[in-house]
Amino acid sequence: MAKKQFKTESKKLMDLMINSIYTNKEIFLREIISNASDAIDKLYFKSLTDDTLKTSGISRSDFKIMLTLDKDSRTIKVADNGIGMTKEELENNLGVIAKSGSLDFKTNTDKSKDIDIIGQFGVGFYSAFMVASKVTVLSRAFGSDEAWLWESSGADGYTIESAQKDAPGTEITMELKADTDDENYSEFLDEYRISGIIKKYSDYVRYPIMMYRTKSRMKDKPADAGEDYQPEYETYTELETVNSMVPLWKRPKKDVTDEEYNNFYKDKFGDYSDPSRIIYTKTEGAISYNALMFIPSHAPYDYYTRDYEKGLQLYTSGVMIMDKCADLLPDYFSFVKGVVDSQDLSLNISREMLQQDRQLGIIRKNLEKKIKSELTGMRDNEREKYEEFWKNFGRQIKFGCYDGFGQNSDTLKDLLMFWSAKEEKLVTLSEYIENMGDEQKYIYYASGDSNEMLMKLPAAETVLSKGCDLLLLTEDVDEFCLQVLHAFEKKEFKNVSSGDLGLETDEEKKAAETAGEENRELLDAMKKALEGKVKDVKISTRLKEHPVCLSSEGPLSIEMEKILASMPNAGGEKPASDKILELNAAHPVFERLKAVFTEDTQKLEKYAGILYDQARLIEGLPIDDPVEYTANVCSLM
């Protein structure tokens, strides 16, 4: 029999498809099963519109896909009872690489938009050659008595000859390649491996995928068995439906229990705990899709590491295309798990990548709104659950606010929460605003390592004594987040260790200004003694009980300086804030400074150094020279 050449006459193209288009060899089974599902779809849809088929007794319940493994012959057979192919269709669909019978069927059928067929490129069939040295296709078209056998060993060509087949449909038999040092093709003859691939990619194909499974059972105990009888077991095979067919996300929400959703989540995403939130959405329109998403009740162990991969599982017509489609989620919602199923996506020929991102962008935007809405509802109606969520994933939301120069801050700012020193609990920015006094100008915050340390800051004491609340920021991203926001509901954020707090009375301002003028020479002398360390030394309006503190000017606060300096790539010249040494003119230490200034300039320099180091310690900063600090303290003792 003469061998026919592929009409493309391109061995290079065949090699490309076999070796380059697909990234994972196990994909071949997904593609072959999808083609079988398409063949059944074609017959079923045709039976609904073709008068000659309406009386043929075709029932959807009769359709199935049969998979058979034969270790002796090293073959995998996938058989369907779908529409089958004529000799001409075998020539057109399998003799032309990248020819899609499914696409032609959909294009040439009325109401094609309503027909949900998986394969539309015609390349998937050739993925079989990734694992098979020879592929045969036995097919009989529905309504025909003739059957045909198509056979090929790859790019060299194919043969077609007349054959016998009892019923319409198609059987694809793949003879596996021999194992090599690098490749173990025999793994695809293992029924557990094959059933796992089916569950992974084709679990929701709408027709039953059946195969014989090897099982074990206890033999009946013989009637004459003695007391020392040991149970005996035997193996047997049983025909089993491997796939579940109907996806949970396509069932009406009212027909699915929370327990079913929770079990699906734990099984699908390998979690041991129920999710904190179940999010279901179905959209029809320019692009139709179903989405079932979950907010975990705890952060994965690797969530805040580089190893963590975000993304939702992407399906098209129930067939998994991507295990983690990162483009479906913004980074700040990367903790969300779930699946998205759409028949409207434009896929590339391997289905593993999207051909264009416009459709995906529409889905992403809708999912983002839905997730935000669910989180808002949790915040307002299930506060305890939301606070638990915030402890797990609030850091990611704050990074989302800060990232990209705050381009997403409007979306996320209502979700933010920080610890309130006054309320002693987490509060939103809106709640902080609601509790502000009419005269309060700013939203005050303090940034540092712990709530306990921040509550001891001199400036924190001042703010709280004025009846104002104080947000305590203890994560490295916190202040950067608020800096990007700049303001909330027209109220600017104010670091209690930066600049004028706006809490001073006119009398306090006047007293500080007078004290500064009267002691200008003292302040200038201390500034000179601390040259290069502080930008200025001045009388403070924020100190009540403490003798000294550090404040800063400009966009870089003292805490931000600490964070930037601690980064691994800080290297070279470290960023530094413009520090101000503030003195309490009403404290006994200041009286001692005035006395020393008139008595001993050298001693004043030591006092300046000690007070500066003490102020650094209060702010949680390291002392520049601990030896010098210790020596100065000892000399004054």
Is a side-chain donor or acceptor of Arg616 paired with a backbone partner of Pro622 at a separation under 3.5 angstrom? yes
Look only at the side chain of Glu431 and the backbone of Thr428, and say whether a donor-acceptor pair between them is shorter than 3.5 Å. yes
Could Lys466 and Glu508 be called an ion pair, given the rule that one side-chain N must be under 4.0 Å from one carboxylate O? yes
Between Tyr304 and Gln396, is a side-chain hydrogen bond (donor to acceptor under 3.5 Å, both in side chains) present by the stated rule, with each step listed? CA-CA 9 Å; Tyr304 290 107; Gln396 190 68 16; 4.9 Å; no
Salt bridge or not for Arg383 and Glu387, using N-O below 4.0 Å? yes
May I ask you to check whether over 12 heavy atoms, not counting those of Lys425, lie within 6.0 Å of atom NZ? no
Determine, for Lys594 against Glu591, whether the closest basic-nitrogen to carboxylate-oxygen distance falls under 4.0 angstrom. yes
Report the C-alpha separation of Ile295 and Ile279 in whole Å, then their side-chain angles, then the decisive distance to 0.1 Å, and conclude whether the side-chain contact (heavy atoms from CB on, under 4.5 Å) test is met. CA-CA 8 Å; Ile295 297 176; Ile279 306 173; 4.1 Å; yes
May I ask you to decide if Phe264's main-chain N or O and Asp267's side chain share a donor-acceptor pair within less than 3.5 Å? no
I need the Leu329 CG to Ile371 CD1 distance, nearest 0.5 Å. 5.5 Å
Search all heavy atoms of Leu312 against all heavy atoms of Lys337 and return the closest pair with its distance. CD2-C, 3.6 Å
Which heavy atom of Tyr612 sits nearest a heavy atom of Leu581, and at what distance? CA-CD1, 4.2 Å
Of Lys398, Arg395, Lys562, the residue whose pairing with Asp476 passes salt bridge (Lys or Arg N to Asp or Glu O under 4.0 Å): Arg395
Which pair of non-hydrogen atoms, one from Leu416 and one from Trp390, has the smallest distance, and what is that distance? CA-CH2, 3.5 Å
Determine, for Arg520 against Asp524, whether the closest basic-nitrogen to carboxylate-oxygen distance falls under 4.0 angstrom. yes
Give the intermediate values and the outcome of ring pair (Phe, Tyr, Trp, His ring centres under 6.0 Å) for residues Phe393 and Tyr303. CA-CA 9 Å; Phe393 302 110; Tyr303 183 65; 5.3 Å; yes
Is it the case that Ser557 and Ser577 place a side-chain donor and acceptor less than 3.5 Å from each other? no
Sidechain N-carboxylate O distance under 4.0 Å for Lys579, Glu561: yes
Thinking salt bridges, do Glu492 and Lys441 make one under a 4.0 Å N-O criterion? no
Salt bridge or not for Lys200 and Glu26, using N-O below 4.0 Å? yes
Please report the closest heavy-atom contact between Val548 and Ala615, naming both atoms and the distance. CG2-CB, 4.2 Å
Less than 4.5 Å apart, any side-chain heavy atom of Leu611 and any of Met526? yes
Taking the side chain as C-beta and beyond, is there a heavy-atom pair between Leu471 and Tyr444 under 4.5 Å? no
Tell me, yes or no, whether the heavy-atom count around Glu260 atom CD, taken from other residues, nucleotides or ligands under 6.0 Å, exceeds 12. yes
Work out which heavy atom in Asn519 is nearest to a heavy atom in Ala515; give both atom names and the distance. ND2-O, 2.8 Å
Can you check side-chain contact (heavy atoms from CB on, under 4.5 Å) on Lys527 and Asp536, steps first, answer last? CA-CA 6 Å; Lys527 179 181 177 181; Asp536 200 3; 3.8 Å; yes
Without swapping roles, check the side chain of Thr316 against the backbone of Ser342 for a donor-acceptor pair under 3.5 Å. yes
Would Tyr272 and His298 satisfy ring pair (Phe, Tyr, Trp, His ring centres under 6.0 Å), going step by step from the backbone distance to the final call? CA-CA 10 Å; Tyr272 57 84; His298 61 96; 4.8 Å; yes
Distance check, rounded to the nearest 0.5 Å: Lys538 atom NZ versus Lys535 atom NZ? 10.0 Å
Is there a side-chain contact between His587 and Leu543 (heavy atoms, below 4.5 Å)? no
Report yes or no: does Arg379 contribute a side-chain atom to a donor-acceptor pair with the main-chain N or O of Asp414 at less than 3.5 Å? yes
Flag the pair Ile278 / Asp258 as yes when at least one side-chain heavy-atom distance between them is below 4.5 Å, and no otherwise. yes
Does a side chain donor of either Asp403 or Tyr332 reach within less than 3.5 Å of an acceptor in the other side chain? no
Side-chain contact test, heavy atoms from C-beta onward, threshold under 4.5 Å: evaluate it for Leu583 versus Leu523 and give yes or no. yes
Is there a side-chain contact between Phe418 and Leu482, using heavy atoms and a 4.5 Å cut-off? yes
Would you kindly say whether Tyr402 and Gln483 are connected by a side-chain donor-acceptor distance under 3.5 Å? no
With a 3.5 Å distance limit and no angle check, can you tell me whether Arg542 reaches the backbone of Val496 through a side-chain donor-acceptor pair? yes
Does Lys266 reach the main-chain N or O of Ser273 with its side chain, forming a donor-acceptor pair under 3.5 Å? no
Please walk me through it: do Tyr280 and Asn290 pass side-chain contact (heavy atoms from CB on, under 4.5 Å)? CA-CA 8 Å; Tyr280 176 79; Asn290 294 72; 3.3 Å; yes
Salt bridge check, Arg364 against Asp327: does any charged N sit closer than 4.0 Å to a carboxylate O? no
With a 3.5 Å cut-off and no angle check, do the side chains of Asp469 and Ser420 form a donor-acceptor pair? yes
Between Lys310 and Phe333, is there a donor-acceptor pair closer than 3.5 Å when you use the side chain of the first and the backbone of the second? no
Sub-3.5 Å donor-acceptor pair from the side chain of Thr601 to the main-chain atoms of Phe597, do we have one? no
Please check this pair: side chain of Asn584 against backbone of Ser540, looking for a donor-acceptor N/O pair closer than 3.5 Å. no
To the nearest 0.5 Å, what is the distance between OG on Ser497 and CG on Leu454? 8.5 Å
Under a 4.0 Å threshold between the charged nitrogen and the carboxylate oxygen, would Glu374 count as salt-bridged to Lys370? yes
About how many Å separate NZ of Lys606 and CG of Asp600, when rounded to the nearest 0.5 Å? 8.5 Å
Would Phe405 and Val484 count as a side-chain contact (heavy atoms from CB on, under 4.5 Å) here? Give the steps. CA-CA 7 Å; Phe405 301 99; Val484 164; over 6 Å; no
Do Ser551 and Glu582 have a side chain donor and acceptor closer than 3.5 Å? yes
Does atom CD of Gln602 have more than 12 heavy-atom neighbours, drawn from other residues, nucleotides or ligands, at distances under 6.0 Å? no
Validation row, ring centre Phe389 to ring centre Tyr386 under 6.0 Å: yes
May I ask you to check whether Gln440 and Tyr432 show a side-chain donor-acceptor distance below 3.5 Å? yes
In Å, rounded to the nearest 0.5 Å, how long is the span from NZ of Lys369 to OG1 of Thr376? 13.5 Å
What is the distance from atom OG1 of Thr541 to atom CD of Glu513, rounded to the nearest 0.5 Å? 11.5 Å
What heavy-atom pair brings Leu593 and Leu604 nearest, and what distance separates the two atoms? CD2-CD1, 4.0 Å
So Tyr315 and Trp249, would you call those rings parallel, tilted or perpendicular, with 30° and 60° as cut-offs? tilted
